Amino acid sequence: MAYLMARPVLGALDEIKLWVGMFGVAQPPAVEFTVDGAPCLPATVDGLHPIRDRQRGKGYLNYQGLFTFKTRGAGCEHHIVVRAGGSFEPCTLRVFSLPAKVPQKMEGSFKILLSSCYCTETDEADVGRFIQRLPIRPDIALFAGDQVYLDQLPFETLPTTEDELRQVISSKYQRNWTSAFTNVASLQSALAKAPAVCLPDDHEFWNNYPWPQFWKRGTQTAPTPGGGVNIWADAALEMFQDYQVGGSAQKPWLRVDIEPLFMLFLDTRSYRKQDFDDPFGLMPEEAEQAFKHWASELIDCQKQGIPRIGVLSTGQALLVKTPFFDEMGDAELSSYKKQFKVIIETLERLGQHGIQVVFLTGDVHWSRVAQATCVKRGQITLTEVICSPMSLLVTPGADQVARLKDHLGSIFGERKRWPLHPEVELAPAYIGEKSFRPVGQKGWSGNQVAVLEFSCLGLGVELNVTYHPVTAPASPATKAGPFTLLNT
Amino acid sequence: MLAKYTTVSKSNPEIQKLRRKGKEDNVKWIDRAINELADKKNTDQSYVLLLGATDTLGWRLRLGQSHLRFDMLPSYWSTSAFLKVSPKGIAQSSILHVPLFQPETGMFASERNGVVETPLQHLEDPDHWKNIAVIALPKSQKEVLSKLDQFEKGRAYVDALENVLRWLAFSWGVARTPNPIHDGIGLPSACMLETLYASAGLDLTPGLETRASSPEAIWATAMFWYDYYTKNNVQPPKGRYWTPHEYKIEDGK
């Protein structure tokens, strides 16, 4: 069966960008668009590209492409229909263009939907539909990593031939991306909620990528001609690019500014190295340059008396302990000592200038809002918001033990609402070389999605965070904030 | 939260004492202060009033804000208000505020988020309102007032009536109500001012939550945080004040 799927992705302020996927067709027909009832040609022509789920030279059956359109103006609703000949059901979308700037407090807010870690196998609440039905319209959606778990289920063994391996990975993506067609619970509706940016984390590859996991066949290092870790890694990277990013020109960062927010989304996973001391162990040089450029622009604005707030996102958290078992277990950003030092020193420089930064991420399987003082400045300049997971992965053994503990515990007290989820961790006493000192934190366990609301307040910004537990039927949301983010 | 922490060594030179002349009432004093503060080159400014009453309620409110001061002494100020300058002159002007005692008649308090417009004459008595200050801020009256309707209808953003009840309960000593300042609950008129100015793009108390504002925080910002405005290309506040009323606490002086 042939499917046509489209979803909005985050682009520039004056454009609407669509990722279009066409599945189950050897020769893709031309894609046509109508915007608000009138035929419309894309502003950029990049066309459709094969999804690289087969070896080069064999016939492709799935295609993807990015198409951009000029908006009618900021914050406007656009009714878009995507068509691709008679053999595909047209795809209908309502997409709002980005606002020109963050609204003043009493006039509304700029909303970011933050989510991460989606495991299809444990999704009992239908996360996609849950997000779609949230009675709030986010301006953008940030999927902060692990949108697919390529290494789940734990005892599944992936094929060893490249062709089969690519098809298995692609089918995992299709399960999550095209769930509405196959009528299974998954992410498709969530992806259409707002223009989305997807960052990768380890499970876009395998647990603790790029470090091999001895119990998982196929994760062992076996360099490919292109310099990849192994054929699984090559296939996973290409599939991440094809499904989650799209188009042909891809870079490991995305910068979008919505006054007064300078937002930078960094891929700190796809190009990780098996060397914690490599100066570019977390991200390639061009991503680091984008990060430094973002910081310099924030400082320049501050010096000119035009206060701007930094929003930074990666697939892993900042305010967490460095693990002891970083190769075997789960390496954190701080495990990569050299490049993490660059990140922390840059954030510290921003802190010394009194510039506020909001750090957004997922990964850890609990949710938390924490603030940290820049020690050299003596003021809170860093606010980290973590939201994880949407649905928890399966951990054989640990899940059964947790269930048993919960059952035994229930003899003397109440059962836990989320017995399998780990407890929220406290931030360590310091981050970096005593660069930041966490000062306040509030956390939640369980499946959650968060909505961050930014409103302008004087020359600063007020941030409120609402966590929505992913349950069916819906449960009451919990809130953190308001946090007044003011450059001083 | 101590509002006076700042790296500047001197208080704002643009905020100066203005002695009350003999038996001059507050309206005449305000008139004189406004005349001194008026900027013919830049007419886009508006005025905030800070007032310190000498009665028991005033004492409770001034004491409640002492935690915002390093010296822990009672604040000079028990309330604040927006001065709505009339084109006919100061004597015909009025103030906008959220009084702790809401009027019995007229529109129900919830329909206007507690905001009341009162003739300026209400503040005339210099024996009751002994301490007084006028702070001039670089936003036009029209721009600030354009946000008033949203504030009155926007209890979802800042519910000033919650602040009214908390401060009344604290002032009267009801049900062991703790000092609202410790819970980030400011004085309602100051929260109104904070919200109106913030919506117009100006911070009255940088870094402080809107609902936590207070006359003491506005005063400390204007006096000691003025370089925040300079850094951000905004004209710092100007002002005139007269604070003859202090409580007789003289240790350390």
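Everything numeric here is computed off the predicted structure, so don't read it as measured data. Quick note on labels: first sequence line is chain A, next is B, and so on, each numbered from 1.
Taking a 6.0 Å sphere around CZ of B:F101, one finds it holds more than 12 heavy atoms contributed by other residues, nucleotides or ligands. At most 12 heavy atoms of other shown residues, nucleotides or ligands fall within 6.0 angstrom of atom CZ in A:R437. In the displayed structure, A:R255 atom CZ is contacted under 6.0 Å by more than 12 heavy atoms of other residues, nucleotides or ligands.
No other option in B:A200, B:G154, B:P206 has as many heavy-atom pairs under 4.5 Å with chain A as B:P206. Between chain A and the options B:T195, B:N233, B:L204, heavy-atom pairs under 4.5 Å are most frequent for B:N233.
Considering every non-hydrogen atom in both B:V234 and A:L459, the closest pair reads CG2-CD1, 4.1 Å. In plain terms, the two heavy atoms of B:A198 and A:L457 that are nearest each other are CB-CD1, 3.5 Å.
The contact between A:Q304 and chain B is made entirely by backbone atoms, counting heavy-atom distances below 4.5 Å. Only the side chain of B:Y228 comes within less than 4.5 Å of a heavy atom in chain A; its backbone stays farther off. Of the atoms belonging to B:K147, heavy atoms from both backbone and side chain fall under 4.5 Å from chain A.
Atom CE of A:M106 and atom CG of B:L196 lie 6.0 Å apart (nearest 0.5 Å). Taken to the nearest 0.5 Å, the NZ atom of A:K105 stands 8.5 Å off from the OG atom of B:S199.
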